[in-house]
Amino acid sequence: MDPVASTSRIDIGIGASDRKEIAEGLSRYLSDAFTLYLKTHNFHWNVTGAMFNSLHAMFMDQYTEQWNALDDVAERIRALGFNAPGSYAEFTRLTSIREEEGADGVPDWKGMVRQLVSGNEAVCRTARSVLKIADDAGDDPTVDLLTQRLQTHEKYAWMLRSLLE
């Protein structure tokens with residue numbers, strides 16, 4: 001069955017084409033957010049050096065909060081009538097965050113922090129682009145969700161950036 005045809009039964013005050021565009025944007029956002037979550041969790045596991053204690057704890061706080069927020073985004077995509085991406089293949093195709101080497105190529109703590117600053121900024125850029133689409137379509141729940149996520153990721157980027165000054 002055609003996904004747009006099956007979602008045309010949804011009558012929440014946002015047209016099917018707008019819902020599709022918002023869901024596609026949220027799928028890109030979810031992919032960026034999941035990629036950043038995974039990177040943050042990886043760095044929590046692998047951080048070493050003089051900053052170990054503080055970064056290990058900071059990364060855990062951030063990846064835990066990020067993990068919990070992923071569900072809200074996926075559920076918003078579902079509420080709009082579309083399937084949320086949920087595989088590494090989909091996330092890799094949709095994310096704007098550059099993939100780094102795995103455990104064998106883990107950077108030092110400063111490299112980790114730089115990558116997480118960049119990742120949080122990328123998530124913010126994606127959120128802003130989708131927020132504009134949602135706002136134009138009158139999708140206040142998505143606007144609210146993305147506004148909250150922007151506030152969180154801008155704060156994370158600032159906190160991490162401060163470590164490098």
_Can a donor-acceptor pair be found, under 3.5 Å and without considering hydrogens, that links the side chain of Asp32 to the backbone of Val123?_
no
*asked:* Between Phe43 and Pro107, is there a side-chain heavy-atom distance shorter than 4.5 Å?
replied: yes
*State, to 0.1 Å, how close Lys39 and Arg98 come at their nearest heavy-atom pair, and which atoms those are.*
NZ-O, 3.4 Å
*Asn42 side chain to Leu38 main-chain N or O, any donor-acceptor pair under 3.5 Å?*
no
*Please examine the side chains of His41 and Trp67, heavy atoms only from C-beta on, and report whether any two atoms are closer than 4.5 Å.*
no
*Ion pair check, Arg28 and Glu24, cut-off under 4.0 Å*: no
_I need the full list of ring pair (Phe, Tyr, Trp, His ring centres under 6.0 Å) pairs touching residues 129-155, with sequence neighbours left out, sorted by first then second residue._
His153-Tyr156
_Determine whether a donor-acceptor pair (N or O, by modelled atom type, separation under 3.5 Å) exists between the side chain of Ser118 and the backbone of Arg114._
no
*Start with the C-alpha distance between Thr142 and Arg76, add both sets of side-chain angles, then the distance that settles side-chain hydrogen bond (donor to acceptor under 3.5 Å, both in side chains), and finish with yes or no.*
CA-CA 7 Å; Thr142 298; Arg76 184 65 194 150; 2.9 Å; yes
_Is the distance between the ring centroids of His44 and Phe59 under 6.0 Å?_
no
*Supply the atom-to-atom distance Asp144 CG to Asp135 CG, rounded to the nearest 0.5 angstrom.*
12.0 Å
*asked:* Any side-chain to backbone donor/acceptor pair from Thr95 onto Phe91? Under 3.5 Å, distance only.
replied: no
*With no hydrogens and no angle check, is any side-chain donor or acceptor of Asn68 less than 3.5 Å from a backbone partner on Thr64?*
yes
_Considering all heavy atoms, the nearest Gly25-Val130 contact_ = O-CG2, 3.2 Å
_Straight-line distance of Arg128 CZ to Ile133 CD1, nearest 0.5 Å_ = 14.0 Å
*Does Tyr29 share a hydrophobic cluster with Leu70, counting links as ILVMFWY side-chain heavy atoms below 4.5 Å and allowing steps through other members?*
yes
_Applying a strict under-4.5 Å side-chain criterion to I, L, V, M, F, W and Y, I'd like to know whether Val106 and Trp45 cluster together._
no
*Glu21 CD to Leu26 CG distance, which is reported to the nearest 0.5 Å*: 11.0 Å
*Taking 4.0 angstrom as the limit, do Arg161 and Glu121 come out as a salt bridge?*
yes
*Which pair of heavy atoms, one from Ala23 and one from Phe82, lies closest together, and at what distance?*
CB-CD1, 3.6 Å
*Look at atom CD of Gln151 and say whether more than 12 heavy atoms of other residues, nucleotides or ligands are closer to it than 6.0 Å.*
no
*Kindly indicate whether the side chain of Leu116, heavy atoms from C-beta on, has any atom under 4.5 Å from the side chain of Leu36.*
yes
*Test Met51 against Val113 for side-chain contact (heavy atoms from CB on, under 4.5 Å), laying out the working first.*
CA-CA 11 Å; Met51 295 292 291; Val113 170; over 6 Å; no
*Contact check, side chains of Ile12 and Arg19, non-hydrogen atoms, under 4.5 Å*: yes
*asked:* Hydrophobic clusters here meaning ILVMFWY residues chained together by side-chain heavy-atom distances under 4.5 Å, can you tell me if Leu94 and Val73 are in one?
replied: no
*asked:* Which heavy atom of Ala137 sits nearest to which heavy atom of Ile22, and what is that distance?
replied: CB-CD1, 3.8 Å
*Enter the distance from Leu30:CG to Thr35:OG1 here, rounded to the nearest 0.5 Å.*
9.0 Å
*Do Met58 and Leu163 come close enough that some side-chain heavy atom pair is under 4.5 Å?*
yes
*Ala127 and Leu150: which non-hydrogen atoms are nearest, and at how many Å?*
CB-CG, 3.9 Å
*Can you tell me how far CG of Asp71 sits from CZ of Arg78, rounded to the nearest 0.5 angstrom?*
12.5 Å
*Which atom pair, heavy atoms only, marks the closest approach of Ser96 to Thr126?*
OG-OG1, 3.8 Å
*asked:* Just so I know, are the side chains of Ile77 and Pro85 near enough to count as touching, which here means a heavy-atom distance under 4.5 Å?
replied: yes
*Is it true that Leu55 and Phe52 fall in one hydrophobic cluster, defined by side-chain heavy atoms closer than 4.5 Å?*
yes
*Does any non-hydrogen side-chain atom of Val143 lie less than 4.5 Å from one of Thr147?*
yes
